[in-house]
Amino acid sequence: MLEFCGLVPKRGGSIARYSTSMKLLHSLTPLLGTVGCLTLTASMVQAAQSLSVSYPPANYQTLSDRIFLIGTAPPAGTVSVNGQSIVRNASGHFAPSFPLQVGTNRFTLRYGQQTVTVTVTRIATESTAPSGLAFGKDSLSPAVDMARLPDELLCFAAIAPPKATVSVKLAGQTIPLIPRPQQIELPGNAAVLTQQNRPLSIAAPGYFEGCTRTVLLGDLGKPEFQLAQDGQTITQTGNGSIKILSPTRLETAAVTAELGTARTGPGTDYSRLTPLPKGTQALVTGSEGEWVRLDYGAWIKRSEVQILSSGAPPTSVIRSVRSRQAGDWTEVLFPLQVPVPVSVQQGDRTFTLTLYNTTAQTDIIRLDDDPLIERLDWQQVAPGQIQYTFNLKPQQQWGYKLRYEGTTLVLSLKHPPAMKREESSARSQVSEGKNFTPNTSHPISLTGIKVLLDPGHGGPDDLGSRGPTGYPEKSVALLMAKLVRDRLQQKGATVVLTRETDTDLPLQDRVAMIDKVQPTLALSLHYNALPDDGDALKTKGLAAFWYNTQAHSLAAFLHHYLVKTLKRSSYGVFWDNLALTRPTSTPAVLLELGFMINPDEFDWITNPREQQRLASAIADGIAEWLRVSQP
């Protein structure tokens, strides 16, 4: 038997006993939980030392043209994949990549007398034209009901035999569809993580498309697709009907969600715009499936709005504007006749609010001496569109919120935290942090500072990424959050964790906690992996992700601070549309603290001494950023 005791250090203390078999303990942690003493039987040791593959899972399917195999075996000896030996690190971990053929791919791993077989199915991504007289399955577009204004472009597409003649009939009009043998394919957003986000020209035999316009009003019905080849003709009715809206009888949509998710197009693949506060009203100028288009250009899910009967367009004039203080916030009130759509654009020293469907009748604005706002400028930039630009004092707002109180829009701007001022010339380095020299003359007090830490993932079904031993991201993220919490508390900060145990916590609950707690800043702690076409052996390093401009400084500073302090590789600083970076009420940043799938970095991630150093560096980095962020 092997016994480990005192492996969980007390606050600020050191590990009492440490063995070279610590990596074995980490591999068993998901099964055993956190303990003070642990007795390992010979069978447990033998099981932990066997050949194992943690990724990909059984019967895995992917669109990628390659896959990496993440796993481990005892350091001594050789591991082979399909008869070829593979490279492993000193701990026995491996992460080789292999090309995939379309269809079933089998990989047989051997270590001594042990064998593990991994089956990966690559799914074909290119649409193939049908060989007979037929349209490609589910290829007729539009595939859902849609509505547009008169004279808007209506486009149709289908997959058919390359030499066929294809057309569409709609409301008595025949629209020819033209073959497009080549298409420019844009990779998914995740391709930037593997530096493969290059447009590709791909063959698209049998792809036909064509567009038209019409001023006919009403329900035009479903288009009839016609295919002719070798003297034979078939027709097929499309799935989506087409309606042309009357510009004088448009319906109104009123947002019913607390914050309606506005997007650039009709689907979740399209980019997010500034969320719309509950009560916002706008005309519906189009629809597509479950999405409706609002008159200022954004799309929103039909489930997040209530459709009102046709009536007067929801437009407004605005006259006076005033501000008021509400604790640590400045609230600016915009009295309106109806709740109109809004958008926000942030800069380093500016905050711009745009009101749509609004016309100014403004002669006077009251904005007293304010701790955050230096001056408010406004202009009617276009008919029905007003921009208000808040020129801020030495630093930007710490967060913002938008809500409607009746028909009055309330913009709340959060003041920077009050900290003891120190003479420092380091503030100019805060946005980068690359050449920053930490202040080591005396500890920085974080009294009055509240930090929310979010350990990523959690629960039986959300393990996150896994290292070569199968040790899950959720466990090391929770461990790290508690270590960082202890160090921040030692500096005087109040710390809130979104979870303190291995529980499943939905993303929306984590986001709601940020808005409820209203911390000085929020950090979500994660450990990284890659898409299947990445290189797990060559990719490593720390990364930071931000979304709102107010969080960029924190993300860049912490990233460069950790890289320099710990002498780790940099994976980069990314703008990313993530749930835990989207909250607007405070600077919110997501940190990826290394790659679980990289064998060497996994050893660093699970090294208890390095975990202590990382936790201290995160806490110190937060304190330094808060210090140099002061005006």
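No experiment lies behind these values; they were computed from the predicted model shown.
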**OP:** Check whether any side-chain heavy atom of V410 sits under 4.5 Å from a side-chain heavy atom of W329, and report yes or no.
**Re:** no
Original post:
Going through the checks in order, is the side chain to side chain donor-acceptor pair (under 3.5 Å) test met by S445 and T447?
Top reply: CA-CA 6 Å; S445 173; T447 302; 3.0 Å; yes
Original post:
Which class fits the ring pair F574 and F545: parallel under 30°, tilted 30 to 60°, perpendicular over 60°?
Top reply: parallel
Original post:
What closest approach, in Å, do G448 and T520 show between heavy atoms, and which atom pair accounts for it?
Top reply: O-OG1, 4.5 Å
**OP:** Could you walk me through whether S524 and D454 pass the side chain to side chain donor-acceptor pair (under 3.5 Å) test, one step at a time?
**Re:** CA-CA 4 Å; S524 188; D454 170 55; 2.6 Å; yes
Original post:
Listed by chain and number, what are the salt bridge (charged side-chain N to carboxylate O under 4.0 Å, His left out) partners of R66, not counting sequence neighbours?
Top reply: none
**OP:** Anything under 30° is parallel, anything over 60° is perpendicular, the rest tilted; go ahead and classify H93 against F602.
**Re:** perpendicular
Original post:
Ignoring hydrogens and geometry, is there a side-chain-to-backbone donor-acceptor pair from T274 to V344 under 3.5 Å?
Top reply: yes
Subject >> Electrostatic pair E331:R403 at N-O distance under 4.0 angstrom >> reply: yes
Subject >> Contact check, side chains of L523 and V484, non-hydrogen atoms, under 4.5 Å >> reply: no
Original post:
Do D620 and K491 meet the salt-bridge criterion of a basic N to acidic O distance under 4.0 Å?
Top reply: yes
Original post:
Does the E601 side chain pair with the main chain of G541, one donor and one acceptor, at a distance under 3.5 Å?
Top reply: yes
Original post:
Under the side-chain hydrogen bond (donor to acceptor under 3.5 Å, both in side chains) rule, what pairs show up with a residue in residues 578-587, not counting sequence neighbours?
Top reply: D515-S585, N577-R582
**OP:** Classify the angle between the aromatic ring planes of W625 and W398 as parallel (below 30°), tilted (30 to 60°) or perpendicular (above 60°).
**Re:** tilted
**OP:** State, yes or no, whether a side-chain contact exists between L446 and L488 at a heavy-atom distance under 4.5 Å.
**Re:** yes
Original post:
So does R485 pair up with E500, basic N to acidic O under 4.0 Å?
Top reply: yes
**OP:** Can you spot which of W604, Y527, F68, Y571 makes a ring pair (Phe, Tyr, Trp, His ring centres under 6.0 Å) with F595?
**Re:** Y571
Subject >> Flag, side chain of W575 to backbone of Y547, donor-acceptor distance under 3.5 Å >> reply: yes
**OP:** Please name the pair of heavy atoms, one in M480 and one in Q611, separated by the smallest distance, quoted to 0.1 Å.
**Re:** CE-O, 3.5 Å
Original post:
So, N598 side chain and A536 main chain: donor-acceptor pair closer than 3.5 Å or not?
Top reply: yes
